[in-house]
Amino acid sequence: MPELPEVETIAESLRRAGEVGLPLVGETLVRATLRWPRHIAQPSALEFEEQVRGQRVRAIGRRGKFLVLDLDRHTLLIHLRMSGDLRMAASDAPLEKHDLTLLHTASGHDLRFNDPRRFGRVWLVEDAHTVLADLGPEPLDPAFDAAVLGARLARHRRRLKPLLLDQTFLAGIGNIYADEALHRARLHPLRASHRLSPDETWRLWRAVRAALRSGLRHHGASIDWVYRGGGFQNHFRVYARTGEPCPVCGTPIRRILVGQRSTHFCPSCQPLRPRRR
DNA sequence: AGCGTCACCCGGACGC
DNA sequence: TGCGTCCGGGTGACGC
């Protein structure tokens with residue numbers, strides 16, 4: 001799914017696209033085709049079509065789960081949510097089912113946002129800050145160390161699982177990475193954030209980064225194998241493995257609901273009340 | 001403040 | 001085969 005690594009991978013592939021003859025950075029957007037206007041979160045569809053016109057793509061980046069395209073006068077933000085996918089295509093190539101938003105470039109190529117479940121959104125704003133302001137730190141940022149995580153954990157009295165999913169706490173972690181990180185950290189998803197020992201905090205810091213890096217290495221998580229997916233789904237340790245043996249200790253993986261979200265963990269490696277030693 | 005619940009959305013899986 | 005139903009991802013709104 002389009003969690004952080006997926007977006008990172010797409011941004012990377014769009015940067016590299018120039019090497020295979022489908023450049024995007026440096027291209028001028030001449031027109032937009034909005035086949036489902038609600039794809040555009042901001043501004044109105046009409047204003048979007050007007051304002052995007054004639055702007056050059058200066059750079060592509062990522063913040064949290066948002067893909068960030070710097071244009072001449074605006075910032076174009078794309079959130080793929082679950083099933084969204086971006087492709088470059090020749091403008092005269094036939095449309096695929098669920099191609100919802102198309103940005104046509106001066107050189108005759110399109111950036112196509114395909115989105116079967118229509119959860120994704122696109123923003124065109126003068127200041128990216130208006131959309132991104134509340135996002136928490138980037139887990140892979142060198143400035144994000146275990147002390148930063150510890151300070152943030154102590155600031156809340158929340159269960160770890162919902163906290164990790166909160167984009168204002170950390171940016172870019174979705175349901176899969178939250179479960180994978182907690183397993184790597186040997187922490188129960190219901191543990192209270194303000195009651196972690198320094199060692200547990202350090203383990204969580206390491207685990208979050210390791211889970212994300214592993215996703216990156218395998219080109220994204222995409223659990224929904226119908227859609228173009230990354231290989232990380234073949235490396236899940238607990239996610240979607242209910243009843244299967246924990247890869248560390250062999251105990252059957254359990255699935256519970258936490259805040260309406262399916263949550264997978266090893267009851268033996270991730271005890272709610274860890275033994276003190 | 002933090003939690004629960006619902007709505008959004010649709011393809012796939014499953015039961016009958 | 002063809003229905004109906006449930007599920008799940010991320011997020012925002014709302015009520016307690």
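Reckoned from all heavy atoms, side chains included, excluding hydrogens, waters and symmetry mates. Here is the naming used below: chain letters follow the sequence lines, and residue numbers restart at 1 for every chain.
A:Gln55 and A:His74 form a side-chain donor-acceptor contact under 3.5 Å, judged by distance and modelled atom types alone.
When the P atom of C:dG10 is taken as reference, atom NZ of A:Lys65 falls 5 Å away, rounded to whole Å. What separates CZ of A:Arg261 from P of C:dC7 is a distance of 14 Å, to the nearest Å. In this entry the distance linking CD1 of A:Ile173 with P of C:dT11 reads 11 Å, nearest Å. One atom, CG of A:Asp166, and another, C1' of C:dA13, lie 15 Å apart when rounded to the nearest Å. B:dC10 atom C1' lies 11 Å from atom CG of A:Leu100, rounded to whole Å. Going from atom CH2 of A:Trp123 over to atom C1' of C:dG10 covers 10 Å, rounded to whole Å. Here C:dT11 presents its P atom at 12 Å from CG of A:Leu132, a figure rounded to the nearest Å. When rounded to the nearest whole Å, the span between CG of A:Leu163 and P of C:dG10 equals 15 Å.
For A:His183, there are no side-chain hydrogen bond (donor to acceptor under 3.5 Å, both in side chains) partners two or more places apart in sequence or in a different chain. Among residues two or more places apart in sequence or in another chain, the side-chain hydrogen bond (donor to acceptor under 3.5 Å, both in side chains) test is passed with A:Arg203 by A:Asp199.
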What does the B/S/- profile of nucleotides 1-8 of chain B look like, 5' to 3', with a 4.0 Å heavy-atom cutoff to protein?
-SSSB--B
side-chain contact (heavy atoms from CB on, under 4.5 Å), that's the test. Do A:Arg186 and A:Val248 meet it? Break it down for me.
CA-CA 10 Å; A:Arg186 308 197 307 275; A:Val248 173; over 6 Å; no
Compile the donor-acceptor pairs under 3.5 Å between side chains in residues 39-54 of chain A and protein atoms, sequence neighbours left out, one pair per line.
| residue | atom | partner | partner atom | Å |
| --- | --- | --- | --- | --- |
| A:His39 | ND1 | A:Thr101 | OG1 | 2.8 |
| A:His39 | NE2 | A:Asp115 | OD2 | 2.9 |
| A:Ser44 | OG | A:Glu47 | N | 3.1 |
| A:Ser44 | OG | A:Glu47 | OE1 | 3.1 |
| A:Glu47 | OE1 | A:Ser44 | N | 3.4 |

Could you pull out every donor-acceptor pair under 3.5 Å between side chains of residues 164-172 of chain A and any protein atom, sequence neighbours left out?
| residue | atom | partner | partner atom | Å |
| --- | --- | --- | --- | --- |
| A:Asp166 | OD1 | A:Thr168 | N | 2.8 |
| A:Asp166 | OD1 | A:Thr168 | OG1 | 2.7 |
| A:Asp166 | OD2 | A:Arg158 | NH1 | 2.8 |
| A:Asp166 | OD2 | A:Thr168 | OG1 | 3.4 |
| A:Gln167 | OE1 | A:Gly172 | N | 2.8 |
| A:Gln167 | NE2 | A:Leu165 | O | 3.1 |
| A:Gln167 | NE2 | A:Ile173 | O | 2.9 |

For residues 252-263 of chain A, which side-chain donor-acceptor pairs fall under 3.5 Å, sequence neighbours excluded?
| residue | atom | partner | partner atom | Å |
| --- | --- | --- | --- | --- |
| A:Thr263 | OG1 | A:Lys161 | NZ | 2.8 |
| A:Thr263 | OG1 | A:Arg261 | O | 3.1 |

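At C:dT11, one or more side-chain N or O atoms of A:Gln167 fall inside 4.0 Å of OP1 or OP2 (strictly under the cut-off). Listed pair A:His98 / B:dC10 fails the phosphate criterion, with no side-chain N or O lying under 4.0 Å from OP1 or OP2. Side-chain nitrogen and oxygen atoms of A:Lys97 include none within less than 4.0 Å of the OP1 or OP2 phosphate oxygen of B:dC10.
You'll find that the side chain of A:Tyr239 is closest to C:dG8, out of C:dG8, B:dC10, C:dT11.
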